[in-house]
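What you see below is based on every heavy atom in this structure, not just the backbone, and it leaves out hydrogens, waters and symmetry mates. In the text below, chain A, chain B and the rest are named by the order of the sequence lines, each starting its count at 1.
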Amino acid sequence: MLSQKKFIVSHAPFWHDGSRICERNHQIMLAALPALIAGFCYYGPKAIGVAALAVSCAMLWELLFNWVAKRPESVGDGNAALIGMLFAMLMPATTPWWAVVTGTFIAVIIGKQIYGGIGANPFSPPAVAVAIMMLSWDRMFDFDEMLLNYELGFPMIYPLTALKNFGVDAVSDFSLCGLLMGRQIGGIGSTFGLGLIIGGAYLIIRGFIRWEISVSFLAGVFITALLFNFSDPVKYGGPLFHLFTGYTLIGAFFLATDDSSSPVNFIPMLLYGALGGVMTVVIRNIGVYVDGVIFTLLIINLVNPLLDKIRPKALGK
Amino acid sequence: MKQKKDVLPYYVAGVLLLLGIVCYGAFSAEPPKEPVRQMFTCVAGKVLFTHKTHTAESGYGIACADCHHHPEDAEESLACGECHKLPEDGSAPESCEDCHEPDDFEIADMIKQADALHGQCIGCHKENGAGPEECASCHVKHSF
């Protein structure tokens, strides 16, 4: 029995296609860049300051944890920089410096490193950070209040707050085209919908993220919002409005697709994304929060291990 | 063979940290002298007031003194809260005693900030037949 062959490996030379984990993170950052740059154009140097500080702080927290935990330095893999960048994209341009330092600490240390580092985090690190910040300093996510002194040539009210409190009439000044082009207030890198869609499509085509998750997430948002809209068109916004506002697009393409906190099989990916989309609109329409994406992400991340139990039948069985 | 350490990410982190500090230092969050919008916070929910839209000629063109009505000849307008925000101990706001003797006015006559703002906003909206008048049209219950 001991001589039974169980695993056969061919001899060298082996071939490696040259891709490394850092390439994946760099490509995701590259894909997120158009939306971030649009944020810089709208909000100016303050937004640049938030993004620069967030990326650098995330890298420094990672380095500090590597030293304290006596682990190999992992700053070079680009994952900490990516977490910092996504965190900045979710924050308003007037975020105080201490919030950036605290938020990146939560994202990198509590969201990722204490679980064992890259590939071991059960939740999307930027979503963990934003959720904790949201519950601790809620006024920081009231974009109407945070961006009081900006005048950008479009309605300066947060569309989701206006919709939830005053109904569909209050958001009639927003055109869908304008929303897609980022003519709405919100997080630095989460308002320019076209940029996020282009970035997401690029990542899907290159194979860095799975289309099943993003598409089912957006389909979940669309269908649920459509049903709500049919039930009461005066109170509930239309499906495209929900798709192009708040954190929907950044959530669908950049947060829900985090590799270690999302499923790997086809059916679970569809269920995971669809559940996220449905939950987002349910929280927005009947929950107490104006944008449910962050809490939705944490819930679907939590469900992820259960969904991954749905496996394809093994070959030969 | 030991792989050579890539130092580029460390330089990038350092440069971005410097850039962040410079941006935060050079572009501090100093509010403009005349506010663009204001957020009034109260128990019934926040109210976003479009100050500039109300004052600009291209907006409603309301004169400063129409709202900041006291004192009438002041060079700089007093904010609403400077007079109408009454200290909890029942004393007079500091701004009153800047011009008046303590015996010259009755603190009981001073309208509270919420009543002053309600009177000002709703009164003007009713008078001009424009703007919201109902509570739920201004007060925001869910803000994040």
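The contact between B:L48 and chain A is made entirely by side chain atoms (from C-beta outward), counting heavy-atom distances below 4.5 Å. Of the atoms belonging to A:L60, it is side-chain heavy atoms, and not backbone ones, that fall under 4.5 Å from chain B. For A:L63, the part lying near chain B is the side chain, with the backbone staying farther off; criterion is any non-hydrogen pair under 4.5 Å. There is no contact between A:M140 and chain B, counting heavy-atom distances below 4.5 Å. Using a 4.5 Å cut-off between heavy atoms, A:V50 touches chain B through backbone and side chain atoms alike. The contact between B:S137 and chain A is made entirely by backbone atoms, counting heavy-atom distances below 4.5 Å. Contact annotation for B:T41: only side-chain heavy atoms (C-beta onward) come within less than 4.5 Å of a heavy atom of chain A.
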Checking B:Y10 against A:M59 for the side chain to side chain contact (heavy atoms under 4.5 Å, CB included) test, could you report, in this order, the C-alpha distance in whole Å, the side-chain angles of both residues, the deciding distance, and whether it holds? CA-CA 8 Å; B:Y10 299 88; A:M59 293 169 86; over 6 Å; no

Would you sort out whether A:D142 and B:M39 count as a side chain to side chain contact (heavy atoms under 4.5 Å, CB included), showing the intermediate values? CA-CA 10 Å; A:D142 180 352; B:M39 186 66 88; 3.8 Å; yes

Test A:F166 against B:V140 for side chain to side chain contact (heavy atoms under 4.5 Å, CB included), laying out the working first. CA-CA 8 Å; A:F166 307 126; B:V140 163; 3.5 Å; yes

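When each of A:V55, A:D144, A:I48, A:N149 is scored by its heavy-atom pairs under 4.5 Å with chain B, the top score falls to A:N149. For the set B:A136, B:P35, B:G45, the entry with the most heavy-atom pairs within less than 4.5 Å of chain A is B:A136. Each of A:L160, A:D138, A:L53, A:V100 has some count of heavy-atom pairs under 4.5 Å with chain B, and the biggest count is that of A:D138. Heavy-atom pairs under 4.5 Å with chain B were tallied for A:A58, A:P96, A:A54; the largest tally goes to A:P96. Put simply, of B:Q38, B:H139, B:K141, B:K46, the one with the most heavy-atom pairs under 4.5 Å next to chain A is B:K46.
Put simply, the side chain of B:F144 reaches to within 4.5 Å of the side chain of A:M134, judged on heavy atoms.
In this structure, A:S56 and B:A13 approach most closely via the heavy-atom pair CB-O, 3.2 Å. Pairing each heavy atom of A:W97 with each of B:Y24, the nearest pair is N-CE2, 3.4 Å. Contact between A:E151 and B:V36 at its shortest, heavy atoms only, is CG-CG1, 3.5 Å. Scanning all heavy atoms of the two residues, the minimum distance from B:C23 to A:G49 falls at CB-CA, 3.4 Å. Listed here is the closest heavy atom pair of B:G20 and A:A52: N-CB, 3.8 Å.
Remark: side-chain polar atoms of B:H142 are paired, donor with acceptor, to backbone N or O of A:V288 under 3.5 angstrom. Proximity of a side-chain donor or acceptor of B:R37 to a complementary backbone N or O of A:E145 within less than 3.5 Å is not detected.
Other residues, nucleotides and ligands contribute at most 12 non-hydrogen atoms within 6.0 Å of the CH2 atom of A:W67.
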